[in-house]
Amino acid sequence: MTDAVFTAACVQMNSQRDVAPNIAAASDLIRAAHAQGARLIVTPENTTIIEPDKKAALAKTPAEEEHPGIPAFSDLARNLGAWLVIGSMPVKAEPTRIANRQFVFNPQGEIVARYDKIHMFDVDLPTGESHRESAQVRPGVEAVVADTPWGGLGLTICYDVRFAYLHRALAQGGARFLTGPAAFTVPTGEAHWHVLLRARAIETGCFMFAAAQTGIHADGRGTYGHSLIIDPWGKVLADAGTDVGVVTAEIDTALVTKARHAVPALTHDRSFTKPRARLSAAGE
């Protein structure tokens, strides 16, 4: 594939609990990114809704074929002539569970890839904050690389960033770029967000596009912000801070080849015997 230079953007949002206003807010920010020259635009996880009440969230989440975000973002991608990645748009997958699904729209408005988040955020944080994503979300089972004019785009969502093997598999499956849209909590974001995303970029020799939620959402939940665009050497090209808005960066695809030639770790896999798991009584 011929190397090229293009502009990518991450949209940073503060999604709330109703779908229509979030679609409108995302659309305005996507237009702003396009006005800044972006040809590939990525939005955060849960672009269309952050509803903390599980029953209400299920009631407000339509199936994909009925979701108003599909025609809205399809029309927007086509009207702008841009590649549009909706970081995730929850859709009803079963009567009692949703899929946390990422969509890639091409400039013709067609959905060319879908990815359902694989790893579920089931944690109890030191602050007392607790999350059980698996109670409501059906995990995905397939890693996805979307074809773009600039090369493969590997799709991940939020908590996936902690699983290096997924990103390695995407890179070895043809990805030159990775998405990492998220709604990271503030405590984990402050501690881990930048270092994890930089590590995934370095390990794979990929550009990373990590659009994020920011600020205070319904019922006081806070998200970290700091949407990032990172190059294959781990350099942060853009950081959105904590305000709602857009960041862009020039993407020189030749840097992927340069980084992978300098450190060809993706070709150095070796088989090994795994140690027997030994967990303490405390469950470490």
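Quantities reported herein were computed from a predicted structural model and do not represent experimental measurements.
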Please tabulate, for side-chain N and O atoms in residues 244-251, each donor-acceptor pair with protein atoms closer than 3.5 Å (sequence neighbours left out).
none

Within a reach of under 6.0 Å around NZ of Lys60, are more than 12 heavy atoms found that belong to other residues, nucleotides or ligands?
yes
Asp122: what forms a side chain to side chain donor-acceptor pair (under 3.5 Å) with it, not counting sequence neighbours?
Ser134
Taking atom CE of Met89 and atom OG1 of Thr61, what is their separation to the nearest 0.5 Å?
11.0 Å
Is the side chain of Asn14 donor-acceptor paired with the backbone N or O of Ile216 at a distance under 3.5 Å, no angle test?
yes
Which atoms form the tightest heavy-atom contact between Tyr115 and Asp160, and what is the distance?
OH-OD2, 2.6 Å
Taking Lys117 first and then Glu133, would you say they form a salt bridge - that is, a charged N and a carboxylate O separated by under 4.0 Å?
yes
Under the side chain to side chain donor-acceptor pair (under 3.5 Å) test, residues paired with Thr204 that sit two or more places apart
none
For Lys54, which residues count as a salt bridge (charged side-chain N to carboxylate O under 4.0 Å, His left out) partner, sequence neighbours excluded?
none
Quick one: which of Leu76, Val11, Thr43 gives a side-chain contact (heavy atoms from CB on, under 4.5 Å) with Ile86?
Thr43
Return the orientation label for the His119 and Tyr165 ring planes: parallel under 30°, perpendicular over 60°, tilted otherwise.
perpendicular
Looking just at side-chain N and O atoms, do Glu51 and Asn46 make a donor-acceptor pair shorter than 3.5 Å?
no
Residues Thr7 and Gly37: closest non-hydrogen pair is CB-O, 3.4 Å
Ion pair check, Arg176 and Asp3, cut-off under 4.0 Å:
yes
Keeping the roles fixed (side chain from Gln12, backbone from His226), state whether a donor-acceptor pair exists under 3.5 Å.
yes
Could you tell me which non-hydrogen atom of Pro68 sits nearest to which non-hydrogen atom of Val19, and how far apart they are?
CG-CG1, 4.1 Å
Look only at the side chain of Ser88 and the backbone of Glu45, and say whether a donor-acceptor pair between them is shorter than 3.5 Å.
no
Would you call Arg101-Glu64 a salt bridge at under 4.0 Å N-O?
yes
Please give me the minimum heavy-atom distance between Ala82 and His34, naming the atom from each residue.
CB-CD2, 4.2 Å
For Asp219, which residues count as a side chain to side chain donor-acceptor pair (under 3.5 Å) partner, sequence neighbours excluded?
none
Is a side-chain donor or acceptor of Ser227 paired with a backbone partner of Ala212 at a separation under 3.5 angstrom?
yes
So that I know where these two stand, are Tyr224 and Phe184 an aromatic pair - ring centroids less than 6.0 Å apart?
no
Answer yes if the ring centres of Trp150 and Phe177 are under 6.0 angstrom apart, and no otherwise.
no
Locate the shortest heavy-atom distance separating Arg260 from Ala171; write the atom from each residue and the value.
NH2-CB, 3.9 Å
Do other residues, nucleotides or ligands put more than 12 heavy atoms under 6.0 Å from the NE2 atom of His268?
yes
Which ILVMFWY residues can you reach from Val186 by hopping between side chains whose heavy atoms are under 4.5 Å apart?
none
Under a plain distance cut-off of 3.5 Å, with no hydrogens placed, do Ser15 and His217 share a side-chain donor-acceptor pair?
no
